[in-house]
Number of protein chains: 2
Amino acid sequence: MSKYNQIYTDLLASITTERLQRGTRLPSETELMDSYQASRGTVRRAIEQLQERGFAQKIHGKGTFVLSPNPIEFQLGGIVSFHETHADLGDDVRTEVVEFTQLPLEGPLLQHIEAEPGSLITRIKRVRRIGGKRVILDINHFVADLIPGLDQAIAELSIYAFIEQTLQLQISYAQRTIEALPRSKDDQTHLDLDGQSHVIVVSNQTFLQDGRQFEYTESRHTLDKFYFSDIARR
Amino acid sequence: MSKYNQIYTDLLASITTERLQRGTRLPSETELMDSYQASRGTVRRAIEQLQERGFAQKIHGKGTFVLSPNPIEFQLGGIVSFHETHADLGDDVRTEVVEFTQLPLEGPLLQHIEAEPGSLITRIKRVRRIGGKRVILDINHFVADLIPGLDQAIAELSIYAFIEQTLQLQISYAQRTIEALPRSKDDQTHLDLDGQSHVIVVSNQTFLQDGRQFEYTESRHTLDKFYFSDIARR
DNA sequence: CGGCATTTGTTCGTATGTATC
DNA sequence: AGATACATACGAACAAATGCC
């Protein structure tokens with residue numbers, strides 16, 4: 001691990017364990033230089049990452065202060081899969097694969113996936129249960145050329161873990177939209193809507209480090225279980 | 001403007017005007033050092049910001065490549081006020097102030113505003129109409145000590161413009177959550193719900209550059225007009 | 001009010017390591 | 001193997017904001 005990453009990890013641990021509490025000042029840059037035997041630039045880089053990710057806030061002339069000790073809130077602002085977000089929460093979570101098909105890239109899908117028309121797409125529909133209730137319908141589309149070997153067994157576990165650990169691909173960033181839409185036939189079939197007329201749809205286009213898009217996903221949530229949190233900056 | 005910011009702005013302009021098209025390589029770090037007479041670190045900082053904000057992607061050993069020429073999607077991920085988001089879209093937008101009161105900071109509000117208990121709070125309720133329909137109910141709470149001189153006339157225009165331009169305060173960051181909640185009495189009174197049982201509530205705690213919170217706001221949206229977009233990264 | 005110490009902000013120059021082609 | 005390009009790290013200097021005396 002790089003030196004700045006080590007400093008970042010140490011400070012992050014101090015914040016998440018609340019050894020450094022919300023509102024307290026971090027050690028100054030010169031203090032950190034001494035204790036880590038690092039240059040100023042290295043120390044500054046670690047602190048900048050804390051700030052970017054919403055854990056700390058630098059204030060000119062005063063210091064750097066702890067913002068939020070809550071790593072879950074941070075993760076929800078980044079790219080996370082369903083398993084990652086709920087694993088910590090101790091929820092009773094089940095996943096059921098209700099469709100696993102392959103189809104060519106054509107028609108309306110072309111508006112969401114930037115790849116060669118006609119490329120093979122792997123479509124997976126999964127229903128997520130929390131406490132027995134069917135609350136999320138995930139519809140994933142993967143570019144089969146980039147994500148080979150995907151099968152139903154993997155889909156029942158975590159696809160993101162497969163992509164990053166088994167295939168060793170680096171996920172870079174996602175373009176995400178959140179909107180409310182009237183329920184579809186699919187929603188009525190697979191979700192426990194309890195009469196709700198709308199669902200919340202989180203759409204993701206996800207890209208690899210080299211800029212190629214490998215995924216387009218719609219995550220359709222029932223209204224009563226939807227929650228999203230992040231930190232926005234000017 | 002700082003040097004790295006100048007380089008960032010120049011490159012950004014090249015991308016948004018599509019003089020540098022999606023997929024093309026940016027000038028290398030050494031080339032930029034020459035053309036701007038800047039050090040390596042300064043050039044790198046500008047490029048890092050392009051990457052952070054979703055415009056470019058660095059690839060080790062190859063170069064930096066243009067990702068997206070679309071700055072609007074990026075802005076929506078940051079802090080933006082209602083006026084800013086809809087001014088460009090040419091929507092027919094009206095704002096009506098339905099409540100303007102001052103009250104002491106106490107009770108449940110203490111959970112949302114980090115300020116001295118008992119401080120004076122300015123509460124403003126505004127209804128936003130798009131195309132004549134009442135679609136958003138904004139409930140703002142401002143710490144009166146930090147935002148003096150706020151009156152009903154300003155509330156009918158843009159409060160954020162007043163804060164940044166007239167008061168010359170620097171807005172730094174906001175902690176934001178998005179969730180669906182059952183409609184309240186207030187929602188039924190002020191919004192055209194058309195029978196919808198839920199609204200989408202975007203809550204913001206907004207902070208100044210010096211770390212003081214000056215605002216807590218709930219923005220309550222009807223389901224049929226809610227849309228949110230941003231870029232997430234690993 | 002000025003002066004001084006502390007802290008972060010910006011920039012420069014240099015050296016070495018690692019990935020790609 | 002060599003050239004090119006990005007990644008990490010160090011050291012140094014000056015600027016700007018803050019707080020205290």
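Per chain, numbering begins at 1; letters A, B, ... match sequence-line order. Hydrogens, waters and symmetry mates play no part in the numbers below; they use all other heavy atoms, side chains included.
- The shortest non-hydrogen separation linking A/Glu29 to A/Arg44 is OE2-NH1, 2.8 Å.
- Closest approach of B/Ala180 to A/Ile200, counting heavy atoms only: CB-CD1, 3.8 Å.
- For B/Phe207, the ring-ring contact (aromatic ring centres under 6.0 Å, His included) partners at least two apart in sequence or on another chain are B/Tyr173.
- For A/His112, the ring-ring contact (aromatic ring centres under 6.0 Å, His included) partners are A/Tyr216, not counting sequence neighbours.
- Nucleotide C/dT6 holds its P atom 16 Å from the CG atom of A/Leu32, rounded to whole Å.
- The backbone N or O of B/Asp34 sits less than 3.5 Å from a side-chain atom of B/Gln37, completing a donor-acceptor pair.
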Completion exercise
Each nucleotide of nucleotides 10-21 of chain C classed B (base within 4.0 Å of a protein heavy atom), S (only sugar-phosphate) or -, in 5' to 3' order, makes BSB--B-BBBSS
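- The main-chain N or O of B/Leu20 is never found under 3.5 Å from a side-chain atom of B/Thr24 such that the two would form a donor-acceptor pair.
- For the side-chain hydrogen bond (donor to acceptor under 3.5 Å, both in side chains) test with A/Asn140, the passing option among A/Thr217, A/Thr206, A/Asn204 is A/Thr217; the others fail.
- A rotation axis mapping the C1' atoms of four pairs onto the next four is fitted at both ends of the helix from C/dG2-D/dC21 to C/dC21-D/dG2 over five pairs, and the angle between these axes is 10° to 10 degrees.
- Along DNA chain D, the stretch of nucleotides lying under 4.0 Å from any heavy atom of chain B spans, 5' to 3', D/dA5 to D/dT8.
- Looking only at distances, no side-chain donor or acceptor of B/Arg126 sits under 3.5 Å from a matching main-chain atom of B/Val97.
- Under the side-chain hydrogen bond (donor to acceptor under 3.5 Å, both in side chains) rule, B/Asp138 has a single partner from B/Lys125, B/Arg128, B/His221, which is B/Arg128.
- Residue pairs that meet the side-chain hydrogen bond (donor to acceptor under 3.5 Å, both in side chains) test with at least one member in residues 141-152 of chain A, sequence neighbours left out, are A/Arg123-A/His141.
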